[in-house]
K.L.:
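Could you have a look at this structure, given as structure tokens, before my questions?
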Amino acid sequence: MRQSHLFTKTRKSAPKDEVAKNAQLLIRGGFIHKEMAGVYSYLPLGVRVLSKIENIIREEMNAIGGQEVRMATLHPSENWKKTGGWDNVDVLFKIQSRTEKEYALGQSEEEIVTPIAQEYAASYKDLPFAIYQIGQKYRDELRAKSGIMRGREFGMKDMYSFHESQADFDRFYETVKQAYFRVYQRCGLDAKVTEASGGSFSEKLSYEFMVLTDAGEDDIVYCDCCTHCANVEVSKVAEGETCPKCGKSTLKKARAAEVGNVFDLGTKYPKSFGFTYKDKDGNDQTPIMGCYGIGTTRLMGTAVEVLADEKGIVWPETIAPFDVHLVAITGGNAELQAEADKLYEQFKENDIDVLYDDRDIRAGEKFADAELIGIPTRLVISEKTMQEGGVEVAERKSGSTTFVSESGIIEHLQK
RNA sequence: GCCGGGAUAGCUCAGACGGCAGAGCACCAAGUUCGGAACUUGGCGUCGGAGGUUCGAUCCCUCCUCCCGGAACCA
């Protein structure tokens with residue numbers, strides 16, 4: 001894409017009503033636009049990043065047998081009244097129609113997915129299965145904060161699974177945990193899994209996936225030399241004590257952002273809806289249910305928080321809005337401009353995902369913008385580089401530069 | 001909803017004793033520039049809203065709205 005066609009622009013300063021690094025950089029770069037506290041619109045660059053995150057999640061959920069759906073976000077109040085959520089879930093947005101009919105906005109989808117599952121699962125032969133979707137969620141937070149880390153409307157992947165037995169649930173639970181680790185790893189983030197409380201809807205322990213960052217809202221204690229990690233709210237062992245798992249190190253405490261969670265829901269929701277299936281002996285049984293969430297927009301915010309430097313965002317290749325930022329420094333030289341245009345066309349022909357800075361502005365502004373936007377690889381074509389018959393290749397993350405000939409650049413980028 | 005802070009140009013901010021409201025950036029036009037947000041010249045406010053005090057309020061008082069931080073909460 002030509003940057004001159006991109007309708008968004010960068011800005012030098014962050015708006016004064018944003019303090020969180022993720023929101024400051026994402027707004028300055030033109031990835032998101034704030035509508036009100038806790039609610040953001042996603043602009044072209046932001047949508048590109050979010051789509052890549054969603055696709056990684058989609059691939060991993062599909063790989064473990066998840067089936068993608070898109071459920072309603074406008075919910076009938078009756079379903080929430082059946083489960084008790086109407087009166088007990090304080091973050092539930094409740095709205096009323098002109099005729100005073102009541103609705104809820106989806107803050108989670110058990111109330112919708114359970115009846116759907118019920119419709120199709122009448123026999124033990126129909127189990128197990130897992131349904132997921134990626135979409136908007138609404139939560140009536142008393143205090144939205146931290147940019148896109150904790151909003152009233154946000155993106156989430158939520159998956160729900162239904163099983164015949166606890167053993168089968170446990171098997172799938174573990175499968176999902178492994179898939180989640182792959183998601184975070186592919187997004188360039190190092191996540192830890194912690195034990196945490198199940199919240200208001202489950203008496204069992206849940207697992208949360210945590211990425212260390214001061215922008216988070218949870219405190220965890222973890223071990224450096226093994227995988228032990230727990231939310232301080234449930235940890236029986238405190239900071240500085242010996243790791244109960246490996247016994248080798250003392251535990252450290254850190255701030256972390258929850259980027260996913262998995263819950264054993266037991267039979268609560270199927271029971272609320274009278275969801276039973278026939279077992280082999282013809283008896284009615286209630287399925288065991290699990291739910292699994294990843295906040296897609298929070299994941300995006302976390303990546304910014306964790307990976308950005310003083311110049312701007314540093315996207316991992318896997319979720320960057322573009323793979324390559326081609327920056328033309330022409331100084332008004334038409335031949336050079338034509339040369340850059342040619343290179344851009346060649347990139348497109350070779351399916352290289354490129355943002356081409358063809359704007360008629362000074363070099364310094366282009367460099368500053370490139371660093372702010374954070375595309376992993378920056379190519380510069382200028383009089384200087386042309387004299388040597390090539391382009392400069394700069395890595396955003398390290399700042400290191402190399403020189404590659406014009407004829408070899410496509411091959412260089414494709415490997 | 002609680003505690004604290006805040007709201008002045010599109011953006012970032014200054015401002016005064018209560019007395020004609022400013023700068024930089026951005027935007028438009030022209031020119032000079034052209035590898036780190038450059039420069040010159042000319043073109044844009046309901047001082048968040050509503051009351052009150054006052055000859056006069058952006059400034060003082062009251063209420064409200066919105067925003068930020070914190071606490072609490074956190075499917």
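First the proteins, then the strands, lettered A, B, ... as listed; each starts at 1.
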K.L.:
Give the nucleotide from the list B:G36, B:G35, B:C27 with an atom nearest to the side chain of A:Lys9.
P.N.:
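Closest nucleotide among those given: B:C27.
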
K.L.:
Of the listed nucleotides (B:C74, B:U12, B:A37), which one gets closest to any side-chain atom of A:Pro15?
P.N.:
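Closest nucleotide among those given: B:U12.
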
K.L.:
If we call it a pair only when both distances are under 3.5 Å in a Watson-Crick or G-U wobble match, what pairs with B:A16?
P.N.:
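B:A16 is unpaired by these criteria.
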
K.L.:
Rounding to the closest angstrom, what is the interatomic distance between B:C27 and B:U12 at atom C1'?
P.N.:
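Those two atoms are separated by 16 Å.
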
K.L.:
Using atom C1' of each nucleotide, how far apart are B:C59 and B:G18 to the nearest Å?
P.N.:
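Taking atom C1' in both B:C59 and B:G18, they lie 7 Å apart.
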
K.L.:
Write down the distance between NZ (A:Lys16) and P (B:G5), rounded to a whole number of angstrom.
P.N.:
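In whole Å, B:G5 P and A:Lys16 NZ are 17 Å from each other.
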
K.L.:
Which base sits across from B:G4 as a Watson-Crick or G-U pair, both distances under 3.5 Å?
P.N.:
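Because both required distances fall under 3.5 Å, B:G4 counts as paired with B:C68.
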
K.L.:
Nearest of B:G35, B:C73, B:A37 to any side-chain atom of A:Glu141?
P.N.:
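Of the options given, the side chain of A:Glu141 lies nearest B:C73.
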
K.L.:
B:A21 and B:A57: how far apart are their C1' atoms, nearest whole angstrom?
P.N.:
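Per the computed distance, 13 Å lies between those C1' atoms.
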
K.L.:
Report the base-pairing partner of B:A9 (Watson-Crick or G-U wobble, both distances below 3.5 angstrom), or none.
P.N.:
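The answer is none; no pair meets the criterion.
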
K.L.:
With a non-hydrogen cut-off below 4.0 angstrom, is A:Val327 in contact with a base, only sugar-phosphate, or nothing?
P.N.:
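The residue A:Val327 makes no contact with any strand.
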
K.L.:
With nearest nucleotides of RNA chain B determined for A:Asp369 and A:Thr330 from heavy-atom distances, which residue corresponds to the more 5′ nucleotide?
P.N.:
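Comparing both residues, the 5'-ward one is A:Thr330.
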
K.L.:
Counting the atoms with a prime plus P, OP1 and OP2 as sugar-phosphate, which does A:Ser146 contact under 4.0 Å by heavy atoms, base, sugar-phosphate, or nothing?
P.N.:
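Contact class for A:Ser146: sugar-phosphate only.
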
K.L.:
Counting C-beta onward and ignoring hydrogens, is there a side-chain heavy-atom pair between A:Asn231 and A:Glu195 closer than 4.5 Å?
P.N.:
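No, their side chains stay 4.5 Å or more apart.
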
K.L.:
Is the NZ atom of A:Lys81 crowded by more than 12 outside heavy atoms at less than 6.0 Å?
P.N.:
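Atom NZ in A:Lys81 is packed in, count exceeds 12.
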
K.L.:
Taking CG from A:Asp219 and P from B:C73, how many angstroms apart are they, rounded to a whole number?
P.N.:
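That distance rounds to 13 Å.
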
K.L.:
To the nearest Å, how far apart are A:Met210 CE and B:C74 P?
P.N.:
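In whole Å, B:C74 P lies 14 Å from A:Met210 CE.
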
K.L.:
Does A:Arg48 make a cation-pi contact with A:Phe322, if we ask for NZ or CZ under 6.0 Å from the ring centre and within 45° of the axis?
P.N.:
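Yes - A:Arg48 lies over the ring of A:Phe322, closer than 6.0 Å to its centre and within 45° of its axis.
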
K.L.:
For A:Lys34 and B:C68, is the shortest distance between a side-chain N/O and OP1 or OP2 below 4.0 Å?
P.N.:
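Answer is yes, contact under 4.0 Å.
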
K.L.:
More than 12 heavy atoms of other residues, nucleotides or ligands under 6.0 Å from CD of A:Glu59: is that the case?
P.N.:
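Count over threshold, so yes.
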
K.L.:
Has A:Lys145 got a side-chain N or O lying under 4.0 Å from the OP1 or OP2 atom of B:G70?
P.N.:
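For B:G70, OP1 or OP2 has a side-chain N or O of A:Lys145 closer than 4.0 Å.
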
K.L.:
Distance criterion of 3.5 Å, no angle test: do you see the side chain of A:Glu392 paired donor-to-acceptor with the base of B:G35?
P.N.:
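In this structure, the two groups form a donor-acceptor pair.
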
K.L.:
Taking the P atom of each, how far is B:G24 from B:G42, in whole Å?
P.N.:
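Looking at atom P only, B:G24 and B:G42 are 11 Å apart.
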
K.L.:
Categorize A:Ala37 for me: base, sugar-phosphate, or nothing, with a 4.0 angstrom heavy-atom threshold over every strand shown.
P.N.:
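Sugar-phosphate contact only - A:Ala37 comes under 4.0 Å of backbone atoms but never of a base.
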
K.L.:
If you look at every strand shown and take non-hydrogen atoms under 4.0 Å, does A:Arg11 touch a base, only sugar-phosphate, or nothing?
P.N.:
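Contact class for A:Arg11: sugar-phosphate only.
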
K.L.:
Atom CZ of A:Arg362 and atom C1' of B:C25: how far apart are they, to the nearest Å?
P.N.:
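Taking atom C1' of B:C25 as the reference, CZ of A:Arg362 is at 16 Å.
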
K.L.:
Under the 6.0 Å and 45° cation-pi test, does A:Lys271 pair with A:Phe275?
P.N.:
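Verdict for A:Phe275: no cation-pi partner in A:Lys271.
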
K.L.:
State whether the distance check finds a donor on one side and an acceptor on the other, under 3.5 Å, for side chain A:Glu383 versus base B:G35.
P.N.:
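In this structure, the two groups form no donor-acceptor pair.
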
K.L.:
Between C1' on B:C74 and CZ on A:Arg152, what's the gap in Å once rounded to a whole number?
P.N.:
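A:Arg152 atom CZ is separated from B:C74 atom C1' by 13 Å.
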
K.L.:
With P as the reference atom in both, quote the distance from B:A14 to B:A23 in angstrom, rounded to an integer.
P.N.:
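Pairwise P distance, B:A14 against B:A23, rounds to 16 Å.
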
K.L.:
Both distances below 3.5 Å, Watson-Crick or wobble geometry, any strand: find the nucleotide opposite B:U62.
P.N.:
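Matched B:U62 with B:A50 under the 3.5 Å cut-off.
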
K.L.:
Figure out the CE/P separation between A:Met36 and B:C68, and round it to whole Å.
P.N.:
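That distance rounds to 11 Å.
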
K.L.:
Does A:Glu383, at its CD atom, have more than 12 non-hydrogen atoms belonging to other residues, nucleotides or ligands within less than 6.0 Å?
P.N.:
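Counting other residues, nucleotides and ligands, CD of A:Glu383 stays at 12 neighbours or fewer.
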
K.L.:
Quote, to the nearest angstrom, the C1' distance that separates B:G45 from B:A9.
P.N.:
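Nearest-Å result for B:G45 against B:A9 at atom C1': 5 Å.
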
K.L.:
Between B:A72 and B:C2, how many Å separate the two C1' atoms, rounded to a whole number?
P.N.:
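Taking atom C1' in both B:A72 and B:C2, they lie 8 Å apart.
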
K.L.:
I want to confirm an ordering. Mapping A:Ala14 and A:Ala20 to their closest nucleotides on RNA chain B, which one lands closer to the 5' end?
P.N.:
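Per heavy-atom nearest nucleotide, the more 5' residue is A:Ala14.
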
K.L.:
Taking N and O atoms by type only, does the side chain of A:Arg139 place a donor or acceptor under 3.5 Å from a partner on the base of B:C73?
P.N.:
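In this structure, the two groups form no donor-acceptor pair.
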
K.L.:
Scan A:Arg298 against the nucleic acid and name what it touches under 4.0 Å (heavy atoms): base, sugar-phosphate only, or nothing.
P.N.:
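If one applies the 4.0 Å heavy-atom cut-off, A:Arg298 turns out to touch nothing in the nucleic acid.
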
K.L.:
Can you measure A:Leu142 atom CG to B:C73 atom P for me and round it to whole angstrom units?
P.N.:
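Answer to the nearest Å: 11 Å.
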
K.L.:
Classify the angle between the aromatic ring planes of A:His163 and A:Phe172 as parallel (below 30°), tilted (30 to 60°) or perpendicular (above 60°).
P.N.:
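A:His163 and A:Phe172: tilted rings.
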
K.L.:
Taking the side chain of A:Arg28 as heavy atoms from C-beta outward, which of B:A37, B:C68, B:C73 is closest to it?
P.N.:
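The closest nucleotide is B:A37.
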
K.L.:
Can you tell me, in whole Å, how much space there is between the P of B:U40 and that of B:A26?
P.N.:
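Roughly 12 Å separates the two P atoms.
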
K.L.:
Partner of B:G36 by Watson-Crick or G-U wobble geometry, both contacts under 3.5 Å, or none?
P.N.:
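Pairing partner, where one exists within any strand: none, as none qualifies.
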
K.L.:
Can you check the A:Arg143 CZ to B:A72 C1' distance for me, whole Å?
P.N.:
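Spelled out: CZ on A:Arg143 to C1' on B:A72 is 12 Å.
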
K.L.:
Once you apply a heavy-atom cut-off of 4.0 Å, does A:Ser382 come out as touching a base, just sugar-phosphate, or nothing?
P.N.:
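The residue A:Ser382 makes base contact.
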
K.L.:
In the strands shown, is B:G45 matched to any nucleotide by a Watson-Crick or G-U wobble pair with both distances under 3.5 Å, and which?
P.N.:
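Across all strands, not a single nucleotide pairs with B:G45.
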
K.L.:
Heavy atoms from C-beta onward define the side chain here; which of B:C68, B:G36, B:C11 lies closest to that of A:Arg378?
P.N.:
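Nearest nucleotide to the side chain: B:G36.
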
K.L.:
Taking atom NZ of A:Lys311 as the centre, report whether more than 12 heavy atoms of other residues, nucleotides or ligands fall under 6.0 Å from it.
P.N.:
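Result for NZ/A:Lys311: open.
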
